[in-house]
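Protein chains get the first letters and strands the later ones, always in sequence-line order, with residue 1 at the start of each. The analysis underlying the following values was restricted to heavy atoms, covering all of them including side chains, and did not include hydrogens, waters or symmetry mates.
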There are 2 protein chains.
Amino acid sequence: MGPTSRPSTSPPAIDPKLPMAPQVYGNIRQSILHLRLMPKQALSEKELALMLGVSRTPVREALIKLADDGLVDIFPQRGTFVAPIRVSEVLEAQFIREALEVSVVARVAERSDPEVVARLRESLARQKRAADAGDPEGFMVEDENFHFILSASVSLARAWKVIQNVKGQLDRVRIMSLPEPGHLGELYEQHLAIVEAIASGSAAAARKHMTKHLQQVFRTIDSLRKQRPDIFD
Amino acid sequence: MGPTSRPSTSPPAIDPKLPMAPQVYGNIRQSILHLRLMPKQALSEKELALMLGVSRTPVREALIKLADDGLVDIFPQRGTFVAPIRVSEVLEAQFIREALEVSVVARVAERSDPEVVARLRESLARQKRAADAGDPEGFMVEDENFHFILSASVSLARAWKVIQNVKGQLDRVRIMSLPEPGHLGELYEQHLAIVEAIASGSAAAARKHMTKHLQQVFRTIDSLRKQRPDIFD
DNA sequence: TCAAATACACTACCATGGTAGTATGTCAAT
DNA sequence: ATTGACATACTACCATGGTAGTGTATTTGA
């Protein structure tokens with residue numbers, strides 16, 4: 001691989017000027033979500049600290065937060081392990097996310113702010129480009145941004161934080177299914193329908209389309225359990 | 001105060017056999033919610049560690065988690081402070097809680113499990129006793145339990161965790177308003193209506209009554225802002 | 001050969017010392 | 001009287017050593 005080629009998802013380097021703990025958290029989290037750290041794999045504070053070039057304290061703090069997210073299991077005095085993909089927890093994360101995002105998008109549709117709609121349409125354009133180019137990584141980033149715009153536009157920062165946290169349980173299956181042919185286009189169409197509902201000021205339609213969009217993950221889980229039964233509970 | 005009198009809410013003692021960090025977290029959290037630690041008050045790792053008889057590490061970990069809950073503000077290299085009651089954050093917490101609990105109770109009503117209804121009625125009986133006795137502390141405990149039963153009965157442990165976390169923002173105002181005359185009875189009646197809806201299997205009615213119940217806090221905020229403007233942002 | 005006892009390597013947890021960064025109060029210079 | 005430099009006293013953050021508890025391999029007993 002030449003210096004110009006971008007690794008599929010390189011773990012971001014650690015900046016010694018910034019607080020270490022959040023960076024370590026983000027780094028490990030991304031590694032788990034992208035399955036560089038495989039489910040059930042043992043993680044050791046000492047080893048991670050060595051790899052990331054920091055001491056054990058920020059690593060420990062990061063692992064505690066990841067345990068809170070349900071992405072790692074900490075067994076006191078025994079060890080810390082990447083959490084297996086537990087279907088029940090994925091479904092519960094979906095339930096929580098759906099409850100929140102549907103409520104959020106309803107509020108967005110009630111306001112139906114043209115400036116917000118414009119920003120959403122810009123995001124849609126970028127999504128279309130990524131989908132047409134067959135760029136799952138790029139699409140993923142813009143997908144995140146799309147959903148962020150919704151929460152932020154109605155000043156629900158905390159809701160976004162909660163969604164982000166529980167979404168970790170969903171992202172591992174979502175990321176694995178992204179490369180499937182036609183999938184990106186499907187997601188784009190669903191986003192489009194949501195924006196149209198918002199633009200028309202119909203909270204009920206926005207709710208409906210968001211619900212359908214988020215329940216897409218059910219199909220993803222089914223197909224994935226057949227292909228990769230090894231990484232489930 | 002004699003040895004038989006129970007302090008209104010004594011901070012639970014630290015058990016050296018159990019993991020310290022969660023105990024410290026719970027202890028400080030309760031102190032904040034019950035306003036023994038006042039908004040904007042400075043907290044120092046060292047001082048808290050000394051008071052609780054533990055080292056600074058578990059205190060630090062507890063404070064990090066409390067910062068995540070929005071109950072303390074950590075300013076790196078400057079200090080940690082009990083978060084003021086920010087109305088915008090209280091309202092957002094209400095939004096999140098409402099979205100989740102309404103979805104939960106709808107699911108509970110869809111199932112309408114008689115065994116669950118029976119457990120809810122038992123909780124109602126205990127609430128009534130506490131309300132009639134004018135025991136806000138006892139009512140509060142049973143209130144928590146009531147809402148816990150709802151989430152647990154449909155196997156939504158994570159949802160309960162999320163609700164608990166964001167509810168911290170609401171509890172400070174809720175706890176202050178509990179002693180108001182007639183308030184306990186009101187809450188009891190609202191709980192009762194919710195249980196009736198569940199028993200009749202009407203998800204729509206359950207949603208409606210839960211929404212109304214949770215929006216009670218709006219009135220609480222209004223009256224409290226007039227009485228105690230000092231503790232708001 | 002097999003079971004119980006032991007030693008070992010490993011863990012997360014807690015305690016504590018060092019460091020860089022920030023606020024405040026003191027004092028000199030203008 | 002006001003401003004600037006400097007010393008001091010804090011802070012959160014990170015590094016690291018010690019400890020009790022846990023699995024596993026090894027040895028010891030028959």
5' priority, DNA chain C, between A:Ile74 and A:Thr57 [closest heavy atom]: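 First, find each residue's nearest nucleotide; the 5'-ward one identifies A:Ile74.
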
Heavy-atom pair with the smallest gap, counting every atom of B:Val108 and B:Leu150: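 Closest approach of B:Val108 to B:Leu150, heavy atoms only: CG2-O, 3.4 Å.
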
Heavy-atom pair of closest approach, residues A:Val217 and A:Arg174: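 Distance-wise, the nearest heavy atoms are CG2-CG, 4.2 Å.
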
Less than 4.0 angstrom between a side-chain N/O of [X] and OP1 or OP2 of [N], yes or no?
X: B:Arg78; N: C:dA23; result: yes
X: A:Thr80; N: C:dA12; result: yes
X: B:Arg60; N: D:dC13; result: yes
X: A:Ser44; N: C:dT11; result: yes

Test salt bridge (charged side-chain N to carboxylate O under 4.0 Å, His left out) applied to B:Glu61 and B:Lys65, step by step: CA-CA 6 Å; B:Glu61 289 170 3; B:Lys65 191 158 167 49; over 6 Å; no

Of the options [options], whose atoms approach the side-chain atoms of [X] most closely?
X: B:Glu61; options: C:dC14, C:dT11, C:dT22; value: C:dC14
X: A:Val54; options: D:dA15, C:dA12, D:dT16; value: D:dA15
X: B:Ser55; options: D:dT16, D:dA12, C:dT16; value: C:dT16
X: A:Pro58; options: C:dG21, D:dC14, D:dA12; value: D:dC14

Atom [atom1] of [X] and atom [atom2] of [N]: how far apart are they, to the nearest Å?
X: B:Leu50; N: D:dT11; atom1: CG; atom2: P; result: 12 Å
X: B:Lys46; N: D:dA12; atom1: NZ; atom2: C1'; result: 11 Å
X: B:Lys17; N: C:dC13; atom1: NZ; atom2: P; result: 16 Å
X: A:Met20; N: D:dC14; atom1: CE; atom2: P; result: 7 Å

A:Arg158 with B:Glu92: basic N within carboxylate O range, under 4.0 Å: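 So A:Arg158 does not pair with B:Glu92 through a salt bridge.
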
With a 4.0 Å cut-off on heavy atoms, is [X] in touch with a base, just the backbone sugar-phosphate, or nothing at all?
X: A:Leu18; result: nothing
X: A:Ala21; result: sugar-phosphate
X: B:Leu43; result: sugar-phosphate

